[in-house]
Amino acid sequence: MMKTLQELLASRPPKPQVRIQLSNAEYDQFIRTCNVQHIPPTRLKQATQLLDKEGF
């Protein structure tokens with residue numbers, strides 16, 4: 001998979017960087033959000049397992 005990803009990235013021109021400025025409170029909220037562990041619902045897990053089983 002990594003080789004495929006590298007090939008994909010090599011085939012595209014680099015995108016320009018974007019600079020975003022956050023306040024301290026916004027940054028703290030961003031970090032809290034990143035640290036939250038999101039557990040997918042059981043129905044979503046079941047649906048993905050079914051797709052895997054069917055070869056998608």
Side-chain angles (χ1 to χ4, degrees):
M1 171 109 177
M2 187 56 124
K3 184 177 181 182
T4 305
L5 181 57
Q6 289 173 345
E7 290 171 356
L8 177 64
L9 293 175
S11 67
R12 294 182 178 193
K15 291 184 179 182
Q17 293 183 354
V18 177
R19 184 172 239 165
I20 299 173
Q21 186 170 352
L22 302 174
S23 68
N24 287 342
E26 290 170 324
Y27 178 77
D28 291 341
Q29 178 62 38
F30 172 75
I31 295 300
R32 281 194 299 274
T33 301
C34 290
N35 289 330
V36 172
Q37 183 180 9
H38 299 280
I39 300 171
T42 302
R43 285 187 67 197
L44 179 59
K45 287 182 185 179
Q46 291 171 340
T48 56
Q49 289 170 349
L50 181 59
L51 289 171
D52 286 342
K53 183 179 176 183
E54 293 178 355
F56 286 98

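Pairs engaging residues 22-37 under the side-chain hydrogen bond (donor to acceptor under 3.5 Å, both in side chains) rule: Ser23-Glu26, Gln29-Arg32, Gln29-Thr33 [sequence neighbours left out]. Within the structure, side-chain hydrogen bond (donor to acceptor under 3.5 Å, both in side chains) pairs that include any residue of residues 46-56 do not occur (at least two apart or interchain).
Between Leu22 atom CG and Ile31 atom CD1 the span is 9.5 Å, to the nearest 0.5 Å.
For Arg43, the side-chain hydrogen bond (donor to acceptor under 3.5 Å, both in side chains) test picks out no residue, with sequence neighbours left out.
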